[in-house]
Amino acid sequence: MNKNLPQLTVIGTGYVGLTSAVCFAAHGYNVCCVDSNQAKIEMLNNLICPIYEPGLSELMKENRERLRFCTNIPDGVKFGDIIFICVQTPPRLDGSADLSYVEEVAKEIALNMDSYKVIVDKSTVPVETGQHVMDTISKYTKHEFDVVSNPEFLREGCAISDSLYPDRIVVGVSSPRAESIMRVLYGPWDYTKLLITDIKSAELIKHCSNSFLAMKISFINSISRICELVGADVKLVADGMGIDKRIGEYFLNAGIGYGGSCFVKDVSAFIWIAKKLGYDFELLKMVEKVNRDQRTFFIKKVEKELWILKNKKIAVWGLSFKPDTDDIRNAPSLDIVKHLVDEGAIIRAHDPVAIQNFKHEIGENQSITYHTDVYDTVKDADVVLILTEWDEYNKVDLNKIKSMMLSASIIDGRNMFDMDTVRNLGFRYQCIGRN
Ligand code: NAD
Ligand code: UGA
């Protein structure tokens, strides 16, 4: 054990908390992970990773001697010199962020502090949350403390490399003491740009980054509609735009819109906090609308292809909100499959890892069967719908798929395939923003 390194506590061992804890451990820190979910902690104590995240389980096992897992916040608070808040901040019905989990943890930390602590918010929160956290902690402790905002930018599916090799680390502080502690903490990341700001700016950087990326996606999805109207190719348009360094090539893939736990909730939380502060963020409202419309637009393509949906056999490829994750929160597949089932279609769904989560979310439904072999979805099918661009679909034998289908038709919501190749095989192949 390296006595010079600060000890860390991470409260909330979800995607962000567990990944951060494991990556800190990989850099030599001793980390106490606390979660109120007993079942999760039991799994972790048996070195079973509760989420599907490539590489996480292996890295956790490699660093097991520096990691401990418990449900007891008082022990966790006493253990850590630096305490990370990594709990969920889900959307409320009005679109604002539910900060009750953050408040509860802040209070628990304050009640159990026995010395100076740095309390670091890693959960995504609206601007000015740091001040509320400070006020909450001050109410319940006489000990000295600092609050820091350290937003997380990892993506599911590549969370480990995003955490070990981030583009930047943002740290919002209100005291030189907290700044120097955070600089030491991130010392092992000396190959990464460390941006020190005030707390409010750090909080805003997170909401702005997610909203900007969501805006890029809605922009290119709008362009995809124009491309379809005039017979242009959105992939070529995106390539041509992306070469310009000021625009950048990333997040310009047109498709059925963004899903996941964060873009949807963070854009809506940003609109809400902006309104509360006195600004009507109309631009972001349009980003949301375009995103919703993109799912409806895809459904219309299916309706146009199949005419009557009742009793049509539809193979659905991909359920997770993006590849390499089993997360189906806000996945376009949920809205699309629900609509098709309501119209009487028979769904045969495939996903490499997200079937259990999807089933759990959508409930038992006799019109949907689930398959782990993609070929089992296409027997006598009227159409294949690609909803998630899993790499596995690049490797399927399309000749075999065609021979098994009733009608050789693919509607690709993720623009996966080369159009000419698929059409030359005899498929009717429709995608997004390409004719
Ligand atoms: P999650 O739901 O996967 O995990 C949150 C964990 O906190 C759960 O295990 C829950 O049991 C635990 N928890 C809740 N209340 C607790 C309490 N009082 N004491 C102890 N544990 C408690 O959430 P997540 O996806 O890791 O996201 C956490 C935060 O990070 C959110 O604000 C999210 O917006 C943000 N974020 C998420 C991602 C991502 O890719 N998932 C990326 C960047 C930022
Ligand atoms: C996103 C951000 O990329 C992370 O930086 C951030 O930390 C995280 O949200 C968060 O705050 O939780 P994530 O939701 O894991 O990460 O996934 P992304 O890879 O960003 O994809 C989000 C959605 O956008 C997916 O549904 C994806 O299919 C869609 N997308 C992405 C597009 O439709 N087109 C694109 O060009 C890119």
Side-chain angles (χ1 to χ4, degrees), residues 9-21 33-41 43-44 50-51 53 70-73 76-77 84-91 97-109 121-126 129 150-159 162-163 166-168 206-207 209-214 216-221 224 234-235 238 242 248-267 269 291 294-295 318 320-325 327-333 387-389 413-415 432:
T9 293
V10 168
I11 303 181
T13 59
Y15 285 92
V16 166
L18 184 58
T19 307
S20 303
C33 304
V34 185
D35 203 291
S36 49
N37 182 331
Q38 179 110 33
K40 217 175 233 190
I41 291 299
M43 288 176 84
L44 289 165
I51 49 173
E53 182 59 45
C70 68
T71 52
N72 188 310
I73 285 208
V77 173
F84 290 87
I85 301 177
C86 298
V87 294
Q88 64 270 44
T89 49
D98 179 353
L99 299 171
S100 58
Y101 300 90
V102 173
E103 189 202 32
E104 188 188 327
V105 169
K107 183 177 167 187
E108 285 288 326
I109 293 171
D121 175 43
K122 243 189 190 305
S123 296
T124 301
V125 294
T129 300
N150 175 210
E152 179 54 60
F153 301 100
L154 66 77
R155 289 160 300 169
E156 292 177 21
C158 43
D162 280 352
S163 298
D167 286 346
R168 79 300 207 188
K206 177 62 194 177
H207 264 173
S209 301
N210 272 7
S211 300
F212 192 85
L213 292 170
K216 263 185 118 173
I217 298 169
S218 281
F219 181 85
I220 202 65
N221 281 333
S224 78
V234 73
K235 274 198 166 221
E249 65 189 287
Y250 300 107
F251 279 70
L252 286 177
N253 294 320
I256 45 179
Y258 57 80
S261 66
C262 293
F263 281 178
V264 175
K265 92 173 162 60
D266 293 346
V267 170
N291 196 55
Q294 208 62 9
R295 297 178 187 194
S320 56
F321 81 98
K322 66 172 198 174
D324 296 323
T325 177
D327 195 341
I328 51 94
R329 289 177 284 181
N330 293 309
S333 62
L387 304 189
T388 316
E389 67 277 34
R414 300 294 185 174
N415 289 346
I432 306 289

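The residues of the chain are indexed from 1 along the displayed sequence. Note that ligands are numbered from 1 as they come in the structure, with each ligand's atoms numbered from 1 the same way.
Considering both main-chain and side-chain atoms, Asn37 never comes within under 3.5 Å of ligand 1 through any nitrogen or oxygen pair. Between Asp35 and ligand 1, an N or O atom pair is found at a separation short of 3.5 Å. Not one N or O of Glu152 is nearer than 3.5 Å to an N or O of ligand 1, by distance alone. At least one N/O-N/O distance between Gln88 and ligand 1 falls below 3.5 Å.
Across all non-hydrogen atoms, the minimal contact from Gly257 to Asn291 is CA-OD1, 3.1 Å. Across all non-hydrogen atoms, the minimal contact from Arg414 to Pro332 is NH2-CG, 3.8 Å.
When each atom of ligand 1 is checked for a heavy atom of Leu154 under 4.0 Å away, the hits are 40 (O), 42 (C). Numbered from 1 in the order shown, with element, the atoms of ligand 1 that lie under 4.0 Å from a heavy atom of Ile11 read 19 (N), 20 (C). Counting atoms of ligand 1 from 1 in the listed order, those under 4.0 Å from a heavy atom of Glu104 are 18 (N). Taking every heavy atom of Val105 and a limit of under 4.0 angstrom, the matching atoms of ligand 1 come to 17 (C), 18 (N). The contact set between ligand 1 and Cys262, taken as ligand atoms under 4.0 Å from a residue heavy atom, comprises 34 (O), 37 (C), 38 (C). Atom numbering of ligand 1 starts at 1 in the shown order; those under 4.0 Å from a heavy atom of Glu156 are 39 (C), 40 (O), 41 (N). Close approach of ligand 1 to Thr89 (heavy-atom distance below 4.0 Å) involves ligand atoms 31 (C), 32 (O), 34 (O). Close contacts between ligand 1 and Gly12 involve ligand atoms 6 (C), 7 (O), 12 (C), 21 (N) [criterion: under 4.0 Å to a heavy atom].
Under the 4.0 Å criterion applied to side-chain N and carboxylate O atoms, Glu53 and Arg155 are not assigned as salt-bridge partners.
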Using a 3.5 Å cut-off on N/O to N/O, what pairs does ligand 2 make with the protein? A line per pair would be great.
residue	atom	partner	partner atom	Å
ligand 2	5 (O)	Phe153	O	2.7
ligand 2	7 (O)	Phe153	O	3.1
ligand 2	7 (O)	Leu154	N	3.4
ligand 2	7 (O)	Leu154	O	2.6
ligand 2	7 (O)	Lys206	NZ	3.0
ligand 2	11 (O)	Lys206	NZ	2.7
ligand 2	11 (O)	Asn210	ND2	2.8
ligand 2	15 (O)	Glu156	N	2.9
ligand 2	15 (O)	Lys322	NZ	3.3
ligand 2	17 (O)	Lys322	NZ	3.0
ligand 2	19 (O)	Lys322	NZ	3.0
ligand 2	26 (O)	Gly259	N	3.0
ligand 2	26 (O)	Phe321	O	2.9
ligand 2	28 (O)	Arg414	NH1	3.1
ligand 2	34 (N)	Asn253	O	3.0
ligand 2	36 (O)	Leu252	N	3.3
ligand 2	36 (O)	Asn253	N	2.9

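Going from atom SG of Cys262 over to atom CG of Asn330 covers 9.5 Å, rounded to the nearest 0.5 Å. One finds the CG atom of Asn221 at 7.5 Å from the CD1 atom of Ile432 (value rounded to the nearest 0.5 Å). Note that NZ of Lys206 is 4.5 Å distant from OG1 of Thr124, once rounded to the nearest 0.5 Å. Once rounded to the nearest 0.5 Å, the distance linking CD of Glu152 with OG of Ser123 reads 10.5 Å.
Ligand 1 is approached by Lys206 to a heavy-atom distance shorter than 4.0 Å.
Counting heavy-atom neighbours within 6.0 Å of Phe219 CZ, excluding the residue itself, gives a total of 12 or less. Residue-environment remark: CD (Glu108) exceeds the threshold of 12 foreign heavy atoms within 6.0 Å.
In this structure, Leu99 and Pro126 have side chains that are in contact, with non-hydrogen atoms separated by less than 4.5 Å. The shortest distance between side-chain heavy atoms of Ile217 and Phe263 falls below 4.5 Å.
Contacts of Lys40 with ligand 1, taken as heavy-atom pairs under 4.0 Å, involve the side chain alone. Contacts with ligand 1 closer than 4.0 Å are made by heavy atoms of both the backbone and the side chain of Tyr15. Heavy atoms of Lys265 found under 4.0 angstrom from ligand 1 belong exclusively to the side chain. Contact annotation for Ile51 and ligand 1: no heavy atom of the residue comes within less than 4.0 Å of the ligand.
Formation of a donor-acceptor pair under 3.5 Å by the Ser163 side chain with backbone atoms of Thr19 is not found in this model.
Distance from atom 29 (C) of ligand 1 to its nearest protein heavy atom, with residue and atom name: Val87 O, 3.4 Å. Annotation: atom 4 (O) of ligand 1 to nearest protein heavy atom, Gly14 CA, 3.2 Å.
For the residue pair Arg295 / Ser333, no side-chain donor-acceptor distance below 3.5 Å is found, with atom types taken as modelled.
Figure legend: Arg329 and Phe321 shown without cation-pi pairing, the cationic atom not lying both under 6.0 angstrom from the six-membered ring centre and within 45 degrees of its axis.
Partners of Thr89 under the side-chain hydrogen bond (donor to acceptor under 3.5 Å, both in side chains) rule, at least two apart in sequence or in another chain, are Lys265.
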